[in-house]
Amino acid sequence: MHLVRDGDANAFELVYDRHGGAAFSLAYRMVGDRTIAEDITQEAFLSMWRSRARYERERGSVRAWVLGIVHHRTIDALRRNLVHDRKRASAEGLEERQEAPERTDAEVVRRDEARSVREAMETLPEEQNQVIRLAYFGGFTHSQIAEMLDMPVGTVKGRMRLGLDKMRRNLAPGAA
């Protein structure tokens, strides 16, 4: 990474060769579309090249840095698509149709639960949050996460267990 930081394109190519597959896999699992995942991966690596001086070894492995950037780029892409879809639906007049009250009640409950889970995840340390996101939102196994983050499987399992325990306590009825 010292060579990458100094602008060595060959060193950056090596970073891409080592981590590009995992980056694409994460993006693909999150969006479910090969073309969009390729675009996200390309945007992420371009962003990494531009901000290469921001990598700090003390904060984690190169793989964790790469996957963190890809994860955030993917979420941004999903949000952009959601906004685009809403604008299109509004333009087509689809938002004017009435939904059944049962559907609306279920949707309110689902959104409240999703908000609670997001809030509980925000209270976790980044290391725990990261492995839980990769497992539950990325669909990766413990072994795959360990490989991506360049850490032992036991560490991944431990971080996940601690994070899930904290979330369980935060989500328990009456927890404040």
Side-chain angles (χ1 to χ4, degrees), residues 1-5 11-34 36-38 40-49 51-79 82 109-176:
M1 284 305 292
H2 293 292
L3 295 173
V4 171
R5 183 174 290 139
F12 189 71
E13 185 177 344
L14 183 61
V15 170
Y16 180 82
D17 289 344
R18 287 185 181 169
H19 306 291
F24 170 77
S25 180
L26 175 60
Y28 180 73
R29 285 178 184 243
M30 290 179 73
V31 297
D33 182 282
R34 184 173 193 78
I36 294 172
E38 288 171 351
I40 290 168
T41 304
Q42 182 178 359
E43 286 177 22
F45 274 92
L46 183 59
S47 169
M48 286 176 237
W49 176 253
S51 64
R52 60 190 178 268
R54 291 186 186 167
Y55 171 73
E56 297 174 21
R57 180 185 179 116
E58 303 79 39
R59 295 189 67 198
S61 67
V62 174
R63 186 168 290 239
W65 180 65
V66 168
L67 294 178
I69 292 171
V70 169
H71 181 263
H72 287 98
R73 288 284 174 159
T74 306
I75 289 173
D76 290 344
L78 289 169
R79 286 181 182 150
L82 181 62
V109 169
R110 189 193 65 73
R111 287 183 183 173
D112 285 345
E113 288 173 349
R115 181 184 41 76
S116 297
V117 169
R118 276 193 307 274
E119 289 172 356
M121 287 198 63
E122 289 173 4
T123 67
L124 299 177
E126 179 57 29
E127 306 84 36
Q128 295 168 6
N129 191 321
Q130 185 179 36
V131 295
I132 290 171
R133 276 186 283 131
L134 289 170
Y136 289 93
F137 302 116
F140 294 101
T141 66
H142 292 121
S143 300
Q144 290 170 323
I145 295 169
E147 183 181 328
M148 281 187 249
L149 300 179
D150 196 27
M151 66 177 59
V153 174
T155 302
V156 170
K157 289 181 178 181
R159 288 180 179 177
M160 189 169 301
R161 182 180 42 77
L162 290 171
L164 291 174
D165 285 345
K166 288 177 186 175
M167 286 182 64
R168 193 174 296 116
R169 285 193 304 272
N170 287 340
L171 294 170

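The CD atom of E127 sits 10.5 Å away from atom CG of L162, with the distance rounded to the nearest 0.5 Å. From L134, atom CG reaches atom NE2 of H142 across 11.0 Å, with rounding to the nearest 0.5 Å. To the nearest 0.5 Å, atoms CD1 (I132) and NZ (K166) are separated by 9.5 Å. Considering CG of L67 and OG of S25, their distance stands at 9.0 Å, rounded to 0.5 Å. For the atom pair R133 CZ and N129 CG, the distance stands at 4.5 Å (nearest 0.5 Å). Summarising the geometry, atom CZ belonging to R168 is positioned 10.5 Å from atom CZ belonging to R161; distances are rounded to the nearest 0.5 Å.
The shortest distance between side-chain heavy atoms of V153 and I145 does not fall below 4.5 Å. Annotation: side chain of M48 is in contact with side chain of F12 (closest heavy-atom distance under 4.5 Å). Contact annotation: the side chain of H71 never approaches that of Q130 to less than 4.5 Å [non-hydrogen atoms, C-beta and beyond]. Counting heavy atoms from C-beta outward, Q128 and M121 have side chains that stay 4.5 Å or more apart. Counting heavy atoms from C-beta on, the side chains of E147 and S143 never come closer than 4.5 Å. Side-chain contact between M30 and I75 is present, with heavy atoms from C-beta onward closer than 4.5 Å. Looking at heavy atoms from C-beta onward, F45 lies in side-chain contact with V66 at the 4.5 angstrom threshold.
Panel note: side chain T74, backbone V70; a donor-acceptor pair is recorded below 3.5 Å. At distances below 3.5 Å, not a single donor-acceptor pair connects side-chain atoms of S47 with backbone N or O atoms of E43.
For the side-chain contact (heavy atoms from CB on, under 4.5 Å) with I40, the qualifying choice from L26, D33, D76, V31 is V31, the only one to do so.
In this structure, L124 and G163 approach most closely via the heavy-atom pair CD2-O, 3.5 Å. Residues L3 and A11 share a closest heavy-atom pair of CB-CB, 3.6 Å. In this structure, G20 and T41 approach most closely via the heavy-atom pair O-CG2, 4.3 Å.
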- Item | Stepwise salt bridge (Lys or Arg N to Asp or Glu O under 4.0 Å) check, E122 with R118 | CA-CA 6 Å; E122 289 173 4; R118 276 193 307 274; 5.8 Å; no
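Residues passing the side chain to side chain donor-acceptor pair (under 3.5 Å) test with Q144 are T141, sequence neighbours excluded. The side chain to side chain donor-acceptor pair (under 3.5 Å) search around T155 returns none, not counting sequence neighbours.
More than 12 heavy atoms of other residues, nucleotides or ligands lie within 6.0 Å of CZ in F24, so this atom counts as buried by the packing criterion. Heavy-atom contacts from other residues, nucleotides or ligands closer than 6.0 Å to CD of Q42 number 12 or fewer.
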